[in-house]
Amino acid sequence: MERIDRAARNLHPGWLGLCLGGELLAYAGYVLAIRDTAKVDHGPTLSFGRSLQTVIAGFGVFAATRTSGGFAADYWVLRSAGETRDGAVARVLALGALEYAILAPAALCSAIAILVDGENVSLTLTLPWLAVIPGAFAAIWISSPQRAARYADARGGGRVRQALAHGVAGLAILRSMFVAPPREHGLGLVGTAAYWAGDIACLWGALQVFGNPRLSIPALILGYATGYVLTRRSLPAGGAGIVEIALTFALHWVGFPFVRALLGVVVYRLFNLWLPILPALAVLPAVNELRRELAEAEAAAP
């Protein structure tokens, strides 16, 4: 195995600009995604400024400090905008489903491309992504208007029934986004794609800082998606420690030298998790105000 000091000897710091640009693109894309998801099926309308504050907080302070991850900030802003508890939970789940509705097909296509090209990547890494196909059909089946209306009703049910109802309601919102004309929710889909593209570009730039060997785009996407089965916004503490380990091993499994993958992931996480904490501190007063508004709304709710 290559020594860390040797791998870090030949640095190319110019690639750090791509890391910063990629994360800025990811931020902008997520602002579009959350705004579009919020307004589906006559939901609340979020201002651009409020959406930006929420995304900065969700990617920074709250992603790194709350056990519920960055999605807590999304829930709070939806509740403060007038959405019900169940509606806010469903829209947060729809936002998470929207992320994977873009990333999972990209990983599936990458796995197929690797299989066709005969790259030296283990089948245990590529074949599981074929499950995206039946998973997509299952999501389409259960989110049909007739079934969604039935399964999304949690009245009189326990926690399991409520969790199922929220999940189905989230899938129904996602379905509405995909079947609507592009002018209605196209920005949300484009924004989510920009979010993933920017974050993957950040990882690519971080790997190139150490003059890493060439890695094909399908292998990069597959390694990224495998290491990011759970996103930093859904993981406690922003996935600190978990993402670093999973992503390093995933990149190594697709053919990247382990030490250089580890160093690249460390640089990537500096931009991906820790750097966003600085602008998040700037919007902290606004987030605290959002928390107070939510507490008042929760207290007034029947």
Side-chain angles (χ1 to χ4, degrees), residues 15-38 46 48-64 69-74 77 92 94-107 110 177 185-209 217 220-235 237-240 242-244 246-247 250-251 264-283 287:
W15 287 99
L16 295 176
L18 178 60
C19 297
L20 179 60
E23 285 306 307
L24 292 177
L25 176 62
Y27 265 55
Y30 215 90
V31 169
L32 296 178
I34 190 174
R35 292 190 71 201
D36 235 35
T37 306
L46 303 179
F48 181 84
R50 200 57 175 271
S51 301
L52 181 60
Q53 290 174 350
T54 305
V55 171
I56 292 176
F59 277 80
V61 172
F62 285 93
F71 283 142
D74 302 336
V77 75
V92 168
L95 185 59
L98 176 60
E99 293 181 16
Y100 291 109
I102 301 298
L103 180 62
S110 298
M177 293 186 70
H185 302 298
L187 284 179
L189 303 179
V190 171
T192 306
Y195 163 66
W196 288 122
D199 209 48
I200 293 174
C202 178
L203 175 61
W204 173 250
L207 294 173
Q208 295 303 310
V209 167
I217 297 300
L220 174 67
I221 294 175
L222 187 68
Y224 174 91
T226 302
Y228 245 136
V229 172
L230 294 175
T231 71
R232 69 180 183 274
R233 288 176 63 80
S234 59
L235 285 168
I242 301 174
V243 170
E244 287 84 353
L247 196 52
L251 290 170
V265 168
V266 169
V267 173
Y268 159 72
R269 289 291 276 172
L270 289 176
F271 287 89
N272 170 270
L273 177 63
W274 299 112
L275 189 61
I277 291 179
L278 297 179
L281 292 174
V283 303
V287 174

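Sequential numbering from 1 along the given sequence is applied to the chain's residues.
- When side chains are defined from C-beta on, Leu247 counts as touching Leu203, because their heavy atoms get closer than 4.5 Å.
- Nearest heavy atom pair, residue Val31 against residue Ser51, reads CG1-CB, 4.0 Å.
- Counting heavy atoms from C-beta on, the side chains of Thr226 and Leu251 never come closer than 4.5 Å.
- Inter-residue side-chain proximity for Ile34 and Asp74 is flagged as met; some heavy-atom pair is nearer than 4.5 Å.
- Remark: of the listed residues Leu98, Asp36, Leu32, Leu98 is the sole one forming a side chain to side chain contact (heavy atoms under 4.5 Å, CB included) with Leu189.
- For the atom pair CG (Asp199) and CG (Asn272), the distance works out to 5.0 Å, reported to the nearest 0.5 Å.
- Closest approach of Gly223 to Ala250, counting heavy atoms only: O-CB, 3.3 Å.
- Every residue meeting the side chain to side chain contact (heavy atoms under 4.5 Å, CB included) condition with Ile102, not counting sequence neighbours, appears here in chain and number order: Thr192, Ala193, Trp196.
- Within the model, atoms CG of Leu103 and CD1 of Ile200 stand 6.5 Å from one another, a figure rounded to the nearest 0.5 Å.
- The shortest non-hydrogen separation linking Cys202 to Cys19 is O-SG, 3.4 Å.
- Distance CZ/Arg35 to CG/Leu52: 10.5 Å, rounded to 0.5 Å.
- Across all non-hydrogen atoms, the minimal contact from Ala194 to Leu25 is O-CG, 3.6 Å.
- Taking 4.5 Å as the limit, some side-chain heavy atom of Met177 sits within range of a side-chain heavy atom of Thr37.
- Minimum heavy-atom separation, Gly227 to Ala246: O-CB, 3.7 Å.
- Side-chain contact of Glu99 with Tyr30: a donor-acceptor pair under 3.5 Å is present, judged by distance alone.
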